[in-house]
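Here is the structure we will look at.
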Amino acid sequence: MQERFPITKKQYLIGLFVFFVSYSIYLLVLPSTVTFGDSGDFITSAYVLGIPHPSGYPLYTLINHLFSYIPISNIGMRITLSSAIFASLTSIILYFLLLKLSISTLFSVSTALSFSFSWTFFRVASYSKTYAMYSFFSVLLIFILLKWSESNSQSAIRNPRSAIRNPKFLYLFSFLLGLSFTNHNLMATLVPGILLFIFLVNKKVFSNTKLLITGLWLFLLGLSCFLYLPIRAFQHPPIDWANPTTLSNFIDCIMVKFAQKRFFDVTLLKMLFMFKHYSLLVARQFLIFGFLSILGLYLLYHSKKHIFFLLSFIILVNTGLSLIVFTDITPGIVDYESYYLPSFLCLTIGLGIGLNFFKKNNKICCLSLLIPIIICAFNYYPSNKSRFFFAYDYGRNLLRELPGKTMLFTYTDHEFMTLWYLRFVERRREDIVQLNLYDLTTPWVIERIMNDNPSLIFTGQKDAHYLFKLENLANNNIDRFNIFYTFCEDMYNPGYKIAYSSLLSNYGMLFRVEKYPNIKIEEIPYVIRGLKDKVYKDTFTKDVLKIYGYAYGIAGSKYLADDPKKAKDKFELASLLDPESEMYKKGIEYAEGRIKKFTAETQILQRE
């Protein structure tokens with residue numbers, strides 16, 4: 001049975017200490033504007049009350065719309081602030097949960113703060129995405145289940161034949177579980193473990209019709225937040241990913257139809273590769289202290305089996321389903337590492353129990369507070385986004401020097417989502433018609449594009465292949481708009497040609513459709529803050545820096561014939577941006593050879 005230890009006033013005050021320590025550190029690393037990945041999509045959708053990519057995330061959108069009214073800094077930072085707050089709330093609830101498991105106050109503080117600054121969660125706290133709230137709901141639901149289990153255990157001791165005690169905890173749990181799905185549908189990975197836990201604590205729950213019906217209604221009440229999607233879609237917001245105005249579109253949106261194919265593309269080799277990545281990721285969360293998680297789960301099995309099975313099933317199901325979703329995605333991106341956060345939370349609880357095993361060892365008690373400090377020190381640099389301007393500057397640089405009456409076709413998230421932020425939040429370059437390949441894969445987007453831009457001409461079929469729609473838009477508007485691409489081939493099917501691919505010329509990082517050959521070298525003054533600063537460059541950032549490098553490399557190749565010194569400068573800058581590329585290093589060598597040859601020829605002419 002689960003013992004009951006009431007939380008004291010002193011422990012509540014220490015809980016506030018946990019909250020403010022984590023929150024203070026998070027404020028130090030918080031970015032002051034948009035970042036890469038889905039950040040631009042989430043910030044913009046929250047600001048304009050739009051519909052971000054499936055599953056639509058209505059709860060996150062509505063809550064962060066309220067954060068956009070906080071009178072501090074800019075919209076990007078206001079909305080990112082919510083992640084820091086929900087991450088700090090996760091830490092304090094985890095602390096109280098550990099106390100409920102009879103873990104000492106000292107070890108509860110150490111464990112909660114260790115999770116606060118763990119590899120994945122620390123970075124999540126400084127991103128404007130759904131994962132901080134995802135962790136918050138995960139730990140809150142486990143805490144409520146433990147509270148309900150505690151009250152039932154005490155009741156069973158007093159009266160073994162007593163009915164289900166404190167169903168209010170289950171009612172609250174049902175509502176919050178439904179609500180949590182409207183933030184992220186991977187909350188479903190907690191359900192098998194939850195059902196098993198309830199069965200082990202009191203199997204009478206499943207035969208109590210009144211309780212089940214009431215719980216179901218409350219679950220649906222929480223789930224009703226999804227109704228925001230069709231309600232808002234009928235108002236035609238600027239950001240509307242899935243157009244959930246029909247039942248089929250609505251279901252496809254909340255069930256994330258485009259990602260479901262991954263469940264059928266899984267191979268054993270992919271799973272083994274991702275499991276290897278997951279194992280390394282687990283080891284990276286708590287450094288050398290992670291072995292305590294295994295010890296803690298072992299001890300839990302021998303003391304509180306129902307809690308052991310709850311945590312173990314969450315770890316197994318969350319990890320298994322996340323591995324399936326993760327198989328086609330490049331490791332190292334925090335967005336996808338965050339899928340595993342519920343399993344990391346359960347491992348953290350095991351870590352706390354493992355630490356508590358040594359509570360009679362005074363040396364370990366004294367050293368335990370060093371654990372979160374060490375973990376924080378290791379993870380602070382990659383989590384620090386306080387001077388991260390790469391995404392914002394990249395968006396501004398894409399728009400820099402673009403002429404009026406321009407159609408800009410984009411492809412990647414860090415292009416069009418960042419441009420959404422600049423257009424709809426900061427109201428920059430609203431004269432540019434921005435289209436992305438993903439938009440063109442869906443028929444309803446053409447209608448929205450034509451409504452937003454009446455001067456555009458489109459004569460094709462709305463449900464045609466996206467390449468045909470792109471070609472139709474380009475053909476009908478080439479005489480009336482300047483056409484630019486951020487790519488030079490079909491990014492979904494590399495090697496396939498896009499409209500006017502033979503007429504493309506380099507325009508900095510962009511490709512411009514030119515009816516007549518253009519030998520002019522386009523010098524665009526890019527601003528890239530943080531390039532030489534000690535700012536952590538994640539996978540997205542490195543990809544974007546390679547794009548800058550390509551633009552400067554092209555400029556260098558054009559200068560080689562007439563101005564090798566300037567060509568060398570461009571190649572050196574390209575090599576700084578993309579140090580792994582051998583092409584730019586060879587360009588530097590070739591430019592130096594041209595400079596020597598040019599100098600020698602000049603000296604000969606001077607002698608003559």
### Task
Kindly write out the residues that satisfy side-chain hydrogen bond (donor to acceptor under 3.5 Å, both in side chains) with Ser82, not counting sequence neighbours, or none if the list is empty.
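Partners of Ser82 under the side-chain hydrogen bond (donor to acceptor under 3.5 Å, both in side chains) test: Asn64.
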### Message
Please confirm whether the ring centroid of Tyr23 lies under 6.0 Å from the ring centroid of Phe20.
### Response
no
### Message
Determine whether the aromatic ring centres of residues Tyr507 and Phe484 are separated by less than 6.0 angstrom.
### Response
yes
May I ask you to decide if the ring planes of [X] and [Y] are parallel, tilted or perpendicular, using 30° and 60° as cut-offs?
{"X": "Phe117", "Y": "Tyr26", "result": "perpendicular"}
{"X": "Phe416", "Y": "Trp241", "result": "tilted"}
{"X": "Tyr550", "Y": "Phe511", "result": "tilted"}

### Query
Which pairs pass side-chain hydrogen bond (donor to acceptor under 3.5 Å, both in side chains) with one or both residues in residues 571-585, sequence neighbours excluded?
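Applying side-chain hydrogen bond (donor to acceptor under 3.5 Å, both in side chains) to every pair that reaches into residues 571-585, excluding sequence neighbours, yields nothing.
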### Task
Indicate whether the side chain of Tyr548 and that of Asn397 have a donor and an acceptor atom separated by less than 3.5 Å.
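Indeed, the side chains of Tyr548 and Asn397 share at least one donor-acceptor pair under 3.5 Å.
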### Message
Under a plain distance cut-off of 3.5 Å, with no hydrogens placed, do Ser22 and Ser116 share a side-chain donor-acceptor pair?
### Response
no
### Message
By the salt bridge (Lys or Arg N to Asp or Glu O under 4.0 Å) test, which pairs, at least two apart or in different chains, include something from residues 377-391?
### Response
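Found Lys385-Asp538, Arg387-Asp533.
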### Side-chain touch Pro564/Tyr590, heavy atoms, less than 4.5 angstrom
no
### Task
Taking the side chain as every heavy atom from C-beta outward, state whether Leu49 and Pro237 have any atom pair closer than 4.5 Å.
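Counting from C-beta outward, Leu49 and Pro237 never come under 4.5 Å.
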### Message
I want to check a possible cation-pi pair here: Lys534 against Tyr381, using under 6.0 Å from ring centre and within 45° of the ring axis as the test.
### Response
yes
### Electrostatic pair Arg529-Asp393, nearest N-O below 4.0 angstrom
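Yes, Arg529 and Asp393 are salt-bridged.
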